[in-house]
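Okay, structure first, notes after.
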Protein chains: 2
Amino acid sequence: MPPAPQRPAAPAGTAGLPATTARVLDLVASGAVSSRADLVRELGLAASTVSARVQELVDQGLLAEDGEGTSRGGRRPRLLRIPDDGAVALAADLGSHHVRLGAVGLTGGVHDVEEHAANLAEGPAATLGLLVERLRVLAERQRAAGRTVRGLGVGFPGPVDTVTGRVVAPSRMPGWHLFALRDRLAEQLGLPVLVDNDANVMALGEHRTALPSLRHLVLVKAGRGIGSGVISHGQLYRGAGGAAGDISHVRVEAAAERPCSCGNIGCLETVASGAALVAALRERGLPVDGAADVLRLVQDGEPQATTLVRQAGRHIGTVLSVVVNFFNPQAVVLGGALAEAEPLVAAVRGMLYERCLPMATSDLTITASTTGPDAGLLGAGHAALREPAAS
Amino acid sequence: MPPAPQRPAAPAGTAGLPATTARVLDLVASGAVSSRADLVRELGLAASTVSARVQELVDQGLLAEDGEGTSRGGRRPRLLRIPDDGAVALAADLGSHHVRLGAVGLTGGVHDVEEHAANLAEGPAATLGLLVERLRVLAERQRAAGRTVRGLGVGFPGPVDTVTGRVVAPSRMPGWHLFALRDRLAEQLGLPVLVDNDANVMALGEHRTALPSLRHLVLVKAGRGIGSGVISHGQLYRGAGGAAGDISHVRVEAAAERPCSCGNIGCLETVASGAALVAALRERGLPVDGAADVLRLVQDGEPQATTLVRQAGRHIGTVLSVVVNFFNPQAVVLGGALAEAEPLVAAVRGMLYERCLPMATSDLTITASTTGPDAGLLGAGHAALREPAAS
DNA sequence: GCTCTTCCTTCGGATGCCGAAGAAAGAGCG
DNA sequence: CGCTCTTTCTTCGGCATCCGAAGGAAGAGC
C-alpha cells in the first residue's frame with residue numbers, strides 16, 4: 001500500500017535535490033560563486049560534472065545564465081544567477097515570547113518580515129491560532145506579489161523530533177510535549193512543513209547564506225534561552241538521539257545551586273541566558289522585560305547591564321572552550337538577541353583564546369551572526385525549500 | 001609527472017577498499033553478521049548489492065564461505081567468515097614510558113604481543129632504534145609463522161598530522177615536534193606505515209571490533225595522560241585542524257592554578273591524569289611509578305589511591321558531561337590503564353547521569369573498553385590493514 | 001506433496017562521477 | 001595583425017555503485 005498523500009501535490013521544486021545539486025544552488029545563491037569555473041574550483045569536481053549539474057538546473061528553471069563576466073586572461077565566464085521567479089518558502093521563528101515570520105526566496109532574500117508578541121507558555125492552541133492566521137495572510141500576500149509558496153519552515157525554541165515533526169519535552173512550556181506541530185500546521189495551511197529546533201535552523205541559515213564553504217561550525221543562539229546548532233562535514237549534526245548541541249544545561253561554577261527549568265541545578269542557563277539577565281536586572285530595579293530590553297540597556301551604556309552581559313559572555317565562553325577543544329570547529333558564530341551586544345562577543349572571544357588549545361583556536365573564526373535577526377528565518381526557509389518536502 | 005613511489009610495491013590487499021566493501025569486512029570480522037542476509041539487514045542495502053560486494057571479496061580471498069547456518073524457516077544461510085590466511089599488520093601503541101607491539105590479523109586477533117619500557121621524552125632517536133629493532137623481529141616472526149605482513153599502524157601519545165604522518169608539538173616530549181615518524185619508519189622497515197594519535201586508534205579499535213554498528217561514540221583514554229577519540233557517523237572525526245577530541249586541557253575548578261604541560265593552568269590533566277595521580281600518591285609516600293602501579297593499589301583496596309582515582313573519575317565525568325550534552329553520542333567508552341579501575345568508571349557514570357540531560361543519557365552506554373590493553377593495537381592494526389596504504 | 005519463507009543470484013538500468021578531447025573566445029606579444 | 005597561450009565550457013565514452021524485478025535453490029510447516 002502506498003503511503004497516503006499527506007499534502008496537496010507538491011509543486012516540482014527544489015525539494016529533494018541530490019546533495020551536489022543543492023550545493024551548487026547554495027553556492028550561487030550565497031554569491032560565493034558566479035560561474036561554472038568558480039564551481040569547479042569551489043567544489044573540486046570535474047568540469048564536466050559541474051557542467052552537467054548546472055545544465056540540469058538551468059533546464060528546470062532553478063538557475064539562469066546572466067550575461068558574461070570579465071576575462072581573467074581567457075574566455076569570459078558565463079555568469080550564473082538564481083532567477084527570482086518568486087519561489088518562496090514561508091518561515092517562522094518561534095521564540096518563547098514572540099513569533100517572527102517572513103517569506104524566504106531562493107536568492108536568500110526575506111520578504112515581508114513581521115514580528116508578533118506571543119506567549120508559547122500558554123500552550124499550543126493559542127499560538128497555533130495566531131500563527132496559522134498570520135501565515136495565511138503572509139502566503140496570500142506572496143501569491144498576490146506573483147510568488148509561489150512552496151512550503152513552510154519552522155524553528156521552535158525547544159527539542160523537536162525531526163522525524164515525526166513533534167515537539168519533545170520543552171521546559172517551561174507546558175502543553176507542548178509531543179504536540180504534532182508539523183502535522184497540525186501542514187493540515188491547516190495545506191503546505192509541506194518542516195519543523196526543527198531554533199538553533200538548528202539558525203545554524204543552517206548562517207551556514208548556507210554566509211559561510212557555505214565551512215565544513216565544521218558551531219552556532220550559539222543566545223536569546224532568552226541558550227541553544228546551539230552544529231554543522232559537521234557541511235551538514236547539520238543531530239547526534240544519536242537528535243539532542244545534540246545542548247550547552248545550556250551544563251553546570252557552571254558561578255551558578256552554584258540555582259534551580260534550572262530542566263530540573264537540575266547550577267546550569268549555564270541560570271546565569272547566562274536572557275531570562276536570567278532580565279531577572280537579575282529587575283532585582284536591581286531596572287525596568288526590563290526581555291532580552292531586547294537588556295540589549296538596549298547595554299547599547300545605552302548602562303553599567304550594570306553591561307557588566308552582567310559581559311559576565312554572561314564569560315560563562316558561555318567557559319562552556320564553549322570545552323566544545324571548541326573537543327569539536328575543533330572552523331567557526332563559532334554567535335546569534336540571537338544577546339549576540340548583538342559587543343561585550344558578550346568580546347567576552348566569549350577572550351575566554352576561548354585564553355582557555356582553548358592554540359591548535360584549536362589558531363584557525364578559528366569567532367564572530368557574531370552576519371545575518372542578524374533573520375538568521376532563523378533564513379535557515380527555516382532555506383531548509384523548507386531544499387529538503388524532501390514531507391520531512 | 002607521476003608522484004614518486006614512496007614505498008615498495010604494496011601487496012594487493014585490503015588497502016584502499018571502498019567504504020561499503022570495508023564495512024562488509026568489518027561486520028563479518030566483528031562477528032556482528034554471518035551471512036549475506038545479515039548484511040542486508042545491517043547495511044540496509046539491496047540484496048543484489050550485498051551479493052556483488054561479497055562475491056568480490058570472496059574472489060579476492062578476503063572473505064570465505066564456511067558451511068551453512070541454521071534455517072529460520074527457509075533456506076539455510078551460507079555462512080561467511082574471514083579466512084585467516086595470515087595477512088597481518090604490525091601495530092605499535094606508543095606510551096610515554098612504554099611501547100606495546102603486536103601483529104593484528106584480519107579476524108581481529110592479536111599475535112605476539114610484547115611490551116617494552118621506553119622513555120619517549122628522550123627524543124625520537126632512542127625510541128626509533130628500539131622500535132625498528134623490535135618490529136623487524138616481530139615481522140620476521142610473522143613471516144616464519146606463514147603470515148604476510150601488510151603494513152604497520154602506530155598510535156602516538158600526542159598530536160599527529162595524519163596527512164604528513166608527522167608528530168606535532170607534543171607536550172613534555174622535546175625533539176618530537178615535526179618529526180616525520182611515518183616516513184622514517186616506512187624507510188627503515190620497507191612497509192606502508194600509518195600514524196595517528198593514540199586515542200584515535202583506540203577509538204577505531206573499539207568501534208571496529210566491539211561496537212561496529214554504533215554511529216556516534218566517544219572513547220576516552222585515561223592513562224598517563226588523558227585523550228579522546230571521536231567516532232561520528234561511523235567514522236573517525238578529526239575536526240577542522242585535526243585537533244578534535246581534546247578534553248585534557250579543559251579547565252576544572254579543582255585544578256585551580258596548577259600549571260599544566262600545555263602552558264596553561266588548571267587543566268583536567270593536572271588532577272585526573274595518571275601522571276597527576278602518581279605525583280599525588282608519591283607526595284603521600286606511596287611507592288608508585290606509573291598508571292599501572294596506581295591501578296594495582298586500587299585493586300588492592302588501598303584507600304588513598306581509591307579515593308584519588310574516584311575523584312579523578314569525577315573530574316573526567318564533569319568534563320565529559322559537557323561533551324555528552326553537546327555531542328549526544330550513543331556510547332562513552334573508557335579505555336587506558338585507569339579505565340580498569342572500577343571506581344573511576346563508576347564515578348564517570350555517576351557524574352554523567354547526574355549532570356547530563358535525560359535526553360542525552362537515556363540511550364547512552366557508558367562502559368569500560370571491552371578489548372582491554374590491546375584496544376590501541378587493534379585499532380592501529382585494523383587501520384593499517386584497511387586504509388589506503390600510504391596515508 | 002504443496003505452499004510459504006528465506007536466502008541468494010542474475011540481469012538491466014539509473015545515477016553520479018571522471019578524464020580526454022576539443023570548441024569557443026578572449027589576452028598578450030612580437 | 002596573426003600567433004600562441006589561457007580560460008571557459010561542452011561532448012563523449014567509461015567506470016563505480018547502487019537499485020529493483022525476476023527467479024532459482026533449499027529449507028519449514030501443514
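Within every chain, numbering begins at 1; the chains are lettered A, B, ... in the order of the sequence lines, protein sequences first and strands thereafter.
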Listed pairs under 3.5 Å, donor-acceptor, residues 22-35 of chain B side chains, sequence neighbours left out:
| from | atom 1 | to | atom 2 | distance (Å) |
| --- | --- | --- | --- | --- |
| B:Asp26 | OD1 | B:Arg386 | NH1 | 2.1 |
| B:Ser30 | OG | B:Asp26 | O | 3.2 |
| B:Ser30 | OG | B:Leu27 | O | 3.1 |
| B:Ser30 | OG | B:Ala32 | N | 3.3 |
| B:Ser34 | OG | B:Asp38 | OD2 | 3.3 |
| B:Ser35 | OG | B:Ala37 | N | 3.4 |
| B:Ser35 | OG | B:Asp38 | N | 3.2 |

Without decimals, in angstroms, what is the distance between [X] [atom1] and [N] [atom2]?
X: B:Leu63; N: C:dC8; atom1: CG; atom2: P; result: 12 Å
X: A:Glu68; N: D:dC9; atom1: CD; atom2: P; result: 9 Å
X: B:Arg36; N: C:dT10; atom1: CZ; atom2: P; result: 10 Å
X: B:Leu43; N: D:dC18; atom1: CG; atom2: C1'; result: 13 Å
X: A:Glu65; N: C:dA24; atom1: CD; atom2: P; result: 16 Å

Quick one: side chain to side chain donor-acceptor pair (under 3.5 Å) partners of B:Asn197, sequence neighbours excluded?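 Once residues adjacent in sequence are excluded, B:Asn197 has no partner under the side chain to side chain donor-acceptor pair (under 3.5 Å) criterion.
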Residues which pass side chain to side chain donor-acceptor pair (under 3.5 Å) with B:Arg166, listed by chain and number, not counting sequence neighbours: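 Side chain to side chain donor-acceptor pair (under 3.5 Å) check on B:Arg166 returns nothing, list empty.
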Determine, for nucleotides 13-20 of chain C in 5'-to-3' order, which nucleotides have protein heavy atoms under 4.0 Å from the base (write B), from only the sugar-phosphate (write S), or from neither (write -). ---SSBB-
Do the rings of A:Phe327 and B:Tyr237 sit parallel, tilted or perpendicular, given the 30° and 60° boundaries?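 Parallel, since the angle between the ring planes stays under 30°.
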Residues from residues 70-80 of chain B lying under 4.0 Å of DNA chain D - heavy atoms: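 When residues 70-80 of chain B is checked for heavy atoms under 4.0 Å from DNA chain D, the hits, listed by number, are B:Ser71, B:Gly73, B:Gly74, B:Arg75, B:Arg76.
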For [X], what residues pass the salt bridge (charged side-chain N to carboxylate O under 4.0 Å, His left out) criterion, not counting sequence neighbours?
X: A:Arg147; value: A:Asp112
X: A:Arg78; value: A:Glu65
X: B:Arg76; value: B:Glu68
X: A:Arg215; value: none

